[in-house]
2 protein chains.
Amino acid sequence: MTPTKKQPNRHTRVRSDHARELAEDYVEAIADQIAAAGACRAVDLAALFSVSHVTVNRTMGRLQRDGFVTTEPYGPIELTPAGRRLAKTSRRRHEIVHQFLIALGVSEAVADVDSEGIEHHVSPETLAAMKAFVAAQ
Amino acid sequence: MTPTKKQPNRHTRVRSDHARELAEDYVEAIADQIAAAGACRAVDLAALFSVSHVTVNRTMGRLQRDGFVTTEPYGPIELTPAGRRLAKTSRRRHEIVHQFLIALGVSEAVADVDSEGIEHHVSPETLAAMKAFVAAQ
DNA sequence: GACGAAATGTAGCACAGGCTACACTTGCAC
DNA sequence: GTGCAAGTGTAGCCTGTGCTACATTTCGTC
Ligand SMILES: [Mn+2]
Ligand SMILES: [Mn+2]
Ligand SMILES: [Mn+2]
Ligand SMILES: [Mn+2]
């Protein structure tokens with residue numbers, strides 16, 4: 001019998017999607033904020049995510065530990081090269097999911113909200129199908 | 001100006017989606033297991049979700065607290081009326097999302113995995129659009 | 001340069017949802 | 001009815017992600 005790679009089941013996959021989710025949303029937001037305002041401060045993220053600045057701080061600690069951001073005390077939040085790469089692919093995927101929902105006929109307001117959650121569970125194959133659907137519009 | 005209901009932003013919505021997610025997946029699984037085998041035991045759920053039986057136990061405690069299941073020590077897991085209702089609507093939504101991905105051209109294996117995460121972030125408007133797309137196939 | 005508001009940091013808390021190790025119960029084989 | 005395997009329960013641990021309260025720093029205004 002062919003030695004089959006142990007496949008995580010679908011619930012295991014969803015759990016790992018969620019483990020990456022915060023990182024994806026934060027680096028995307030940090031990149032946007034830097035592009036829009038020249039720098040990203042903790043207070044910007046707290047407002048965007050509707051969480052306390054303490055939660056942002058702790059999250060930044062994890063993202064720094066994981067190599068996605070750098071900060072110094074009282075300084076702005078910067079992205080590492082890995083953070084920029086993750087931001088880019090996350091934004092691209094998010095945009096495709098958003099455009100796809102619009103193409104499906106969903107309203108802008110609902111597409112905004114639903115795509116924010118859906119994006120993290122879309123595998124490359126599904127993303128390609130969504131992209132093709134948008135292009136065929 | 002019209003008094004607008006305070007809208008939670010999209011990240012707040014995603015967080016509340018996730019808070020409901022475990023309950024939705026578990027009651028769906030419990031209903032399936034009861035339908036398939038006549039009764040649902042903790043060990044069945046542990047195998048299905050690939051978690052330890054301790055995790056299932058603690059989760060059952062929360063679901064019991066929230067009024068979705070009932071159990072007695074060493075007894076099988078039962079659904080309350082509220083649990084059955086949640087299972088029914090969750091399964092229906094899950095099925096539509098799954099069928100939709102298939103209709104989009106995604107493979108069965110990938111549709112299985114992706115729909116397990118996506119289902120929890122699909123609002124009624126998006127679900128209606130997916131349903132219409134499947135019907136129009 | 002002093003001051004006050006805004007931003008940031010820190011201590012300490014809570015809950016969800018994972019785990020291992022170990023104890024106890026149940027139920028089936030014999 | 002004994003015994004063992006499977007199932008279940010419990011203690012105690014961890015990380016992630018949320019919070020309030022309070023201390024400290026920064027920075028623009030005067
Ligand atoms: Mn998101
Ligand atoms: Mn999700
Ligand atoms: Mn489901
Ligand atoms: Mn699910």
Side-chain angles (χ1 to χ4, degrees), chain A residues 8-30 33-34 37-78 116-117 120, chain B residues 8-30 33-34 37-78 116-117 120:
Chain A
N9 75 8
R10 64 189 200 275
H11 292 104
T12 305
R13 228 288 304 272
V14 172
R15 287 195 293 271
S16 72
D17 290 344
H18 286 155
R20 267 188 297 275
E21 173 157 351
L22 253 277
E24 292 173 349
D25 285 340
Y26 270 80
V27 295
E28 198 183 335
I30 293 165
Q33 183 63 25
I34 291 173
C40 179
R41 311 289 321 198
V43 70
D44 302 323
L45 299 175
L48 176 65
F49 289 102
S50 296
V51 296
S52 73
H53 83 275
V54 182
T55 296
V56 170
N57 240 28
R58 294 170 62 74
T59 301
M60 288 308 101
R62 287 193 297 275
L63 293 188
Q64 190 151 23
R65 178 200 64 190
D66 296 342
F68 296 121
V69 309
T70 56
T71 44
E72 297 166 52
Y74 299 98
I77 295 159
E78 317 268 17
E116 189 62 75
H120 309 281
Chain B
N9 76 9
R10 65 189 200 274
H11 292 105
T12 306
R13 227 288 303 272
V14 173
R15 286 195 293 271
S16 72
D17 290 343
H18 287 155
R20 267 187 295 276
E21 174 158 349
L22 252 277
E24 292 172 349
D25 284 340
Y26 270 79
V27 295
E28 199 185 332
I30 294 165
Q33 184 63 24
I34 291 173
C40 180
R41 312 291 319 200
V43 71
D44 302 323
L45 299 175
L48 177 63
F49 289 103
S50 297
V51 296
S52 72
H53 82 275
V54 183
T55 295
V56 171
N57 240 28
R58 295 169 61 75
T59 301
M60 289 308 101
R62 287 192 297 276
L63 293 187
Q64 190 151 24
R65 178 200 63 189
D66 296 341
F68 295 122
V69 309
T70 57
T71 44
E72 296 166 54
Y74 299 96
I77 295 160
E78 317 267 17
E116 190 62 77
H120 308 281

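In what follows, every heavy atom counts, from backbone to side chain, and hydrogens, waters and symmetry copies are set aside.
When the ring pair (Phe, Tyr, Trp, His ring centres under 6.0 Å) test is applied to A:Y26, the partners found at least two apart in sequence or on another chain are A:F49. For the salt bridge (charged side-chain N to carboxylate O under 4.0 Å, His left out) test, no residue two or more places apart in sequence or in another chain qualifies with A:R15. Residues forming a side-chain contact (heavy atoms from CB on, under 4.5 Å) with B:Q33 (at least two apart in sequence, or on another chain): B:A37, B:C40, B:D44. Qualifying side chain to side chain donor-acceptor pair (under 3.5 Å) partners for A:H18, counting only residues two or more places apart in sequence or in other chains: A:H121, B:H18. For A:S16, there are no side chain to side chain donor-acceptor pair (under 3.5 Å) partners two or more places apart in sequence or in a different chain.
Under 4.0 angstrom from either OP1 or OP2 of D:dG16 there lies at least one side-chain N or O belonging to A:R65. Using a 4.0 Å cut-off, no side-chain N or O of B:T55 falls inside it from OP1 or OP2 of C:dG17. Distances shown here put a side-chain N or O of B:R15 below 4.0 Å from the OP1 or OP2 atom of D:dG18. Contact annotation: A:S52 reaches the phosphate of D:dC19 (side-chain N/O to OP1 or OP2, under 4.0 Å).
For the pair A:E21 CD and D:dT17 P, the interatomic distance rounds to 9 Å; values are reported in whole Å. Straight-line distance from the CZ atom of B:F68 to the P atom of C:dA16: 13 Å, rounded to whole Å. The nearest whole Å value for the distance from the NE2 atom in A:H18 to the C1' atom in C:dA16 is 13 Å. Atom CD of B:Q64 is separated from atom P of C:dG17 by 16 Å (rounded to the nearest Å). The nearest whole Å value for the distance from the CG atom in A:D66 to the P atom in D:dT15 is 13 Å.
Among the protein residues, A:R62 comes within range of the nucleic acid bases, having at least one heavy atom under 4.0 Å from a base atom.
Counting only N and O atoms by type, the side chains of B:Q64 and B:T70 include no donor and acceptor under 3.5 Å apart.
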Atom pairs, N/O to N/O, protein against nucleotides 7-13 of chain C, distance under 3.5 Å?
residue	atom	partner	partner atom	Å
C:dT8	OP1	A:R41	NE	2.6
C:dT8	OP1	A:R41	NH2	3.0
C:dT8	OP2	A:V43	N	2.9
C:dT8	O3'	A:Y74	N	3.4
C:dG9	OP1	A:Y74	N	3.1
C:dG9	OP2	A:N57	OD1	2.7
C:dG9	OP2	A:N57	ND2	3.3
C:dG9	N7	A:H53	NE2	2.9
C:dG9	O6	A:H53	NE2	3.1

